[in-house]
Amino acid sequence: MAKVYDGIDTRLRQFIESQPVFFVATAPSGDDGHVNCSPKGNRDNLVVLGDHEVAYQDMTGSGVETIAHLRENGRIVLMFCTFEGPPRIVRLHGRGEVVTPGHPRFDELAGRFPPHLSFRAVIRVDVERVSDSCGYGVPLMPFQEHRQNMDHWAEKKGAEGVTAYWAEKNAVSIDELPGLPGVALSRKEG
């Protein structure tokens, strides 16, 4: 049932990029700290860059665990699963990098995603292991639509309000690891 692949081929790429939701898991180093698993909506917010490289648009959240964990140790896994049609789970294990304005690749990577006021970073992953499994235990659920709450929240706050939110809520993780300290990110609105 389970299979490990040499990389992300065309068929896997189509599967990955077409999923309306995916999950990201990270953990701090050592025995202490909290493991984090975050759901991510995919409205063209994730791209496969190559056989062993993916990136996704990291949006504002109530926490900053993924960014903090990646800055500490780089470990990450992305999981995609079907809720409609044939059952399937795909996992991408690798090393992640937080790409923010000022990083040499930020403009190149950010240009691959739709503009959003709540866009705070690109998470780029060097994929070391690609595997799939049956997904028989995943329930069937119809996809209705993406929520618009984040868009409305960001529009109401405006660019300065979102940046202030990052400074207040995203400077450190729940384990006191650096997240987006001293947020003074320049942003392109569109």
Side-chain angles (χ1 to χ4, degrees), residues 8 13 16-17 19-29 33-34 36-50 52-78 92 94-128 146-190:
I8 303 168
R13 177 188 187 135
I16 288 167
E17 291 182 341
Q19 299 310 305
V21 65
F22 63 99
F23 301 86
V24 174
T26 58
S29 298
H34 295 83
N36 185 62
C37 181
S38 296
K40 305 292 183 187
N42 185 15
R43 300 183 290 179
D44 298 323
N45 307 104
L46 179 133
V47 294
V48 175
L49 299 169
H52 294 95
E53 185 181 17
V54 299
Y56 73 85
Q57 190 176 29
D58 185 67
M59 309 300 266
T60 300
S62 55
V64 69
E65 306 319 298
T66 300
I67 289 172
H69 294 161
L70 291 180
R71 287 193 166 149
E72 184 189 37
N73 62 44
R75 297 177 305 166
I76 189 168
V77 61
L78 282 65
L92 306 176
R95 309 297 283 175
E97 172 186 32
V98 181
V99 179
T100 55
H103 184 285
R105 288 192 68 191
F106 180 79
D107 289 338
E108 167 206 341
L109 293 170
R112 301 188 70 125
F113 303 109
H116 289 285
L117 281 174
S118 58
F119 174 27
R120 63 183 179 185
V122 174
I123 303 298
R124 194 193 64 76
V125 180
D126 289 317
V127 178
E128 299 168 345
H146 287 285
R147 297 176 194 267
Q148 302 301 315
N149 302 60
M150 176 69 74
D151 299 332
H152 298 310
W153 173 86
E155 288 170 12
K156 185 176 177 183
K157 284 214 168 279
E160 289 181 18
V162 172
T163 302
Y165 180 88
W166 293 339
E168 180 185 349
K169 303 284 187 181
N170 294 167
V172 295
S173 75
I174 59 176
D175 296 318
E176 300 297 319
L177 296 171
L180 291 173
V183 178
L185 302 177
S186 63
R187 54 170 68 241
K188 292 181 182 176
E189 295 183 46

Practice problem: Evaluate side-chain contact (heavy atoms from CB on, under 4.5 Å) for T66 paired with Y56, printing each intermediate quantity in order. | Solution: CA-CA 12 Å; T66 300; Y56 73 85; 3.6 Å; yes
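- Salt bridge status for R13 with E53: absent, with no side-chain N to carboxylate O gap under 4.0 Å.
- Using a cutoff of 4.0 Å between basic side-chain nitrogens and carboxylate oxygens, R105 and D107 are not scored as salt-bridged.
- Remark: R112 does not engage D44 in a salt bridge, criterion side-chain N to carboxylate O under 4.0 Å.
- For H146, the NE2 atom is densely surrounded, since the number of other residues' heavy atoms within 6.0 Å is greater than 12.
- Formation of a donor-acceptor pair under 3.5 Å by the D126 side chain with backbone atoms of G96 is not found in this model.
- When all heavy atoms of H69 and T26 are compared, the pair lying nearest together is ND1-OG1, 2.7 Å.
- Side-chain atoms of D151 never come within 3.5 Å of backbone atoms of N149 as a donor-acceptor pair (strictly under, hydrogens ignored).
- Ring orientation note: the planes of W153 and Y165 are nearly perpendicular, at an angle over 60° on the 30°/60° scale.
- Between the side chain of R124 and the main chain of V98, no donor-acceptor pair closer than 3.5 Å is present.
- Between the side chain of R95 and the main chain of N73, a donor-acceptor pair closer than 3.5 Å is present.
- Side-chain N or O atoms of Q57 include one that pairs as donor or acceptor with a backbone N or O of P114 at under 3.5 Å.
- Checked by atom type and distance alone, the side chain of S173 never pairs as donor or acceptor with a backbone atom of E65 at under 3.5 Å.
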